[in-house]
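One structure is given below, encoded as structure tokens.
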Amino acid sequence: AHTGTAGGIPRVTIGEIVRYRLQTRIPEGTLTAFELVDSLPSGLTFLDDGSARVAFVANNGGITSSTLGSGPQVAGNEATVGSITPSTLLPGGAISGGPFATGTDPTFGLGTITNVDDDADNEYLVVEFNALVDNSAAGSNDAGENRDNTYRVLINGSQVGTPSANVRARIQEPSITNLDMTVNPSTGDAGDTVSYRITYSNPTGANVSSAFDVQLADLLPPDVTLDLGSIVVTLGGGSAGSTDNSAGNQLDVTVDTVPPGGTVRIDFNATLNPGVEPRQVITNTADLTYTSLPGPNGTAGNPTLSTTPGSRGA
């Protein structure tokens with residue numbers, strides 16, 4: 001829900017699932033070795049997980065397939081095909097081209113199609129399938145890049161007509177690049193208290209999406225002792241939900257969501273330990289990790305019929 005469409009172009013983020021719809025008119029007669037070949041772009045991987053569906057759209061139940069029979073029949077024509085969602089499973093045996101990696105083209109084979117619906121309106125074949133937006137160096141899915149997809153029809157191994165028009169998706173990503181830490185005062189003696197402040201934000205932008213499970217980890221150096229009771233987290237710009245799992249000398253603060261325009265500030269104190277020496281420089285660094293989807297695998301039970309596979313960062 002945090003991506004959506006802008007300027008007529010769907011925005012998608014790493015790990016998100018795109019559901020494609022291939023719709024082609026079927027002439028009356030017999031079409032042998034009928035195939036739809038999708039030219040999936042690099043950066044997207046076909047999900048061969050049982051989520052592909054097919055429908056034969058005709059008024060009089062006149063379309064059959066040598067491999068699928070008449071099971072996918074749905075009543076309709078050109079006036080209603082756009083509102084029809086395929087519900088018949090496209091079996092694995094009808095899908096070829098694997099093993100599927102980024103940019104591998106899936107082929108959907110329907111065998112011999114026969115259309116005997118001899119009337120004045122049109123009949124259609126509709127296939128829907130899912131593709132994963134890769135977290136992949138090969139796919140090089142960076143914010144603002146376009147992923148264009150098209151498909152073509154083959155009969156007896158030869159292309160019929162021209163490929164479909166391109167459909168475009170554009171990559172969005174969180175953009176937290178300004179993690180910063182300050183300390184005040186920057187000098188002190190053993191036993192003194194110093195105050196640290198850590199800030200970061202996810203700036204607004206056309207191709208910036210929300211960051212989720214944003215974890216700030218800072219193992220303070222052994223020359224200082226973290227005051228666990230001093231930790232204060234301040235959220236702004238729509239950032240929401242913070243959890244403090246700090247213990248010992250480990251600062252560990254996770255923010256649930258940092259949307260575009262969201263800001264986070266973490267303030268805490270530490271005490272200089274008795275063992276520090278004059279002119280000693282004490283260096284403290286922090287690490288930040290986040291994901292592009294809510295939860296461990298995105299939103300379960302979504303309309304694509306798939307759940308994002310793998311673990312976070314996979």
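- A side-chain donor-acceptor contact under 3.5 Å links Thr102 to the backbone of Gly43.
- Rounding to the nearest 0.5 angstrom, the gap separating the CG atom in Leu110 from the OG1 atom in Thr64 is 11.0 Å.
- The shortest non-hydrogen separation linking Pro174 to Ala211 is CB-CB, 3.7 Å.
- Side-chain contact between Val214 and Leu288: present, with at least one pair of heavy atoms (C-beta onward) separated by less than 4.5 Å.
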Evaluate Leu179 against Leu216 for side-chain contact (heavy atoms from CB on, under 4.5 Å), listing each step before the verdict. CA-CA 10 Å; Leu179 178 63; Leu216 187 288; 3.8 Å; yes
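- Here the side chains of Thr88 and Leu68 are not in contact, with every heavy-atom distance at 4.5 Å or above.
- Of the possible donor and acceptor atoms, one in the side chain of Asp244 sits under 3.5 Å from a partner among the backbone N and O of Ser246.
- In summary, of the residues considered (Val258, Asn178, Thr263), a side chain to side chain contact (heavy atoms under 4.5 Å, CB included) with Asn202 occurs for Val258 alone.
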When the side chains of residues 271-281 are checked against the rest of the protein, which donor-acceptor pairs come out under 3.5 Å, sequence neighbours left out?
{"unit_1": "Asn273", "atom_1": "OD1", "unit_2": "Thr225", "atom_2": "OG1", "d": "2.7"}
{"unit_1": "Asn273", "atom_1": "ND2", "unit_2": "Pro222", "atom_2": "O", "d": "2.7"}
{"unit_1": "Asn273", "atom_1": "ND2", "unit_2": "Asp223", "atom_2": "O", "d": "3.4"}
{"unit_1": "Gln280", "atom_1": "OE1", "unit_2": "Glu277", "atom_2": "N", "d": "3.0"}
{"unit_1": "Gln280", "atom_1": "NE2", "unit_2": "Asp223", "atom_2": "OD1", "d": "3.1"}
{"unit_1": "Gln280", "atom_1": "NE2", "unit_2": "Asp223", "atom_2": "OD2", "d": "3.4"}

Apply side-chain hydrogen bond (donor to acceptor under 3.5 Å, both in side chains) to Asp121 and Asn77, showing your working. CA-CA 6 Å; Asp121 57 14; Asn77 57 18; 3.1 Å; yes
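- Contact of the Phe100 side chain with the Leu40 side chain is not registered, since no non-hydrogen atoms from C-beta on lie closer than 4.5 Å.
- If you chain together hydrophobic residues whose side chains sit under 4.5 Å apart, Leu36 and Val54 fall into the same group.
- Ring centroids of Phe108 and Phe129 are separated by less than 6.0 Å, placing the two rings close together.
- With contacts defined as side-chain heavy-atom distances shorter than 4.5 Å, the pair Arg312/Thr289 does not qualify.
- For Pro27 against Arg25, the heavy-atom pair with the smallest separation is CD-O, 3.8 Å.
- Side-chain contact check for Leu226 versus Val224: every heavy-atom pair is 4.5 Å or farther apart.
- Grouping the Ile, Leu, Val, Met, Phe, Trp and Tyr side chains by contacts below 4.5 angstrom, directly or via other members, places Val253 apart from Phe212.
- Side-chain polar atoms of Asn130 and Asp49 form no donor-acceptor pair below 3.5 angstrom.
- Between Thr285 atom OG1 and Leu219 atom CG the span is 8.5 Å, to the nearest 0.5 Å.
- For Asp117 and Asn59, the side-chain atoms include no donor-acceptor pair closer than 3.5 Å.
- Side-chain contact between Arg19 and Leu305 is present, with heavy atoms from C-beta onward closer than 4.5 Å.
- Across all their heavy atoms, Gly76 and Ile84 have their closest contact at CA-CD1, 4.4 Å.
- Crowding of Arg21 atom CZ: a count of heavy atoms from other residues, nucleotides or ligands under 6.0 Å exceeding 12.
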Pair Ser164-Thr150, side-chain hydrogen bond (donor to acceptor under 3.5 Å, both in side chains): steps then yes or no: CA-CA 6 Å; Ser164 72; Thr150 182; 2.9 Å; yes
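- Phe46 and Val127 fall within a single hydrophobic cluster, where Ile, Leu, Val, Met, Phe, Trp and Tyr side chains are chained together by heavy-atom contacts under 4.5 Å.
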Determine whether Tyr196 and Leu251 satisfy the following criterion, side-chain contact (heavy atoms from CB on, under 4.5 Å), listing intermediate values before the conclusion. CA-CA 11 Å; Tyr196 287 96; Leu251 179 74; over 6 Å; no
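- A donor-acceptor pair shorter than 3.5 Å cannot be found between the side chains of Asn297 and Thr307.
- In this structure, the side chain of Ser83 engages the main chain of Thr80 through a donor-acceptor pair within 3.5 Å.
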Can Val133 and Thr13 be said to form a side-chain contact (heavy atoms from CB on, under 4.5 Å), step by step? CA-CA 7 Å; Val133 182; Thr13 194; over 6 Å; no
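- Counting heavy atoms from C-beta outward, Thr107 and Ile95 have side chains that stay 4.5 Å or more apart.
- Between Leu293 and Thr291, the shortest heavy-atom contact is O-OG1, 2.9 Å.
- Considering all non-hydrogen atoms of both residues, Pro221 and Ile282 come closest at CG-CG2, 3.5 Å.
- Closest heavy-atom contact between Arg11 and Thr3: O-CB, 3.2 Å.
- Residues Phe56 and Val81 do not share a hydrophobic cluster, defined by chaining ILVMFWY side chains whose heavy atoms lie under 4.5 Å apart.
- From Arg170, atom CZ reaches atom CG of Asn146 across 4.5 Å, with rounding to the nearest 0.5 Å.
- Linking Ile, Leu, Val, Met, Phe, Trp and Tyr whenever their side-chain heavy atoms come within less than 4.5 Å puts Met181 and Tyr200 in one cluster.
- Expressed to the nearest 0.5 Å, how far CG of Leu125 lies from CG of Leu22 amounts to 8.5 Å.
- With 3.5 Å as the limit, one finds no donor-acceptor pair spanning the side chains of Asn184 and Arg197.
- Rounded to the nearest 0.5 Å, atoms CG (Asn269) and CG (Leu228) are 11.5 Å apart.
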Show the numbers, then the answer: is there a side-chain contact (heavy atoms from CB on, under 4.5 Å) between Gln215 and Asn245? CA-CA 10 Å; Gln215 183 180 26; Asn245 292 314; 6.0 Å; no
Steps toward side-chain hydrogen bond (donor to acceptor under 3.5 Å, both in side chains) verdict (Asn207, Glu173): CA-CA 7 Å; Asn207 299 304; Glu173 290 185 285; over 6 Å; no
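- Two residues are said to be in side-chain contact when any heavy atoms from C-beta on lie closer than 4.5 Å; Thr304 and Leu47 fail this criterion.
- A donor-acceptor pair under 3.5 Å links the side-chain atoms of Glu78 to the main chain of Asn122, judged by distance alone.
- Checked by atom type and distance alone, the side chain of Ser210 never pairs as donor or acceptor with a backbone atom of His2 at under 3.5 Å.
- No hydrogens or angles considered: nothing links the side chains of Thr32 and Thr112 as a donor-acceptor pair under 3.5 Å.
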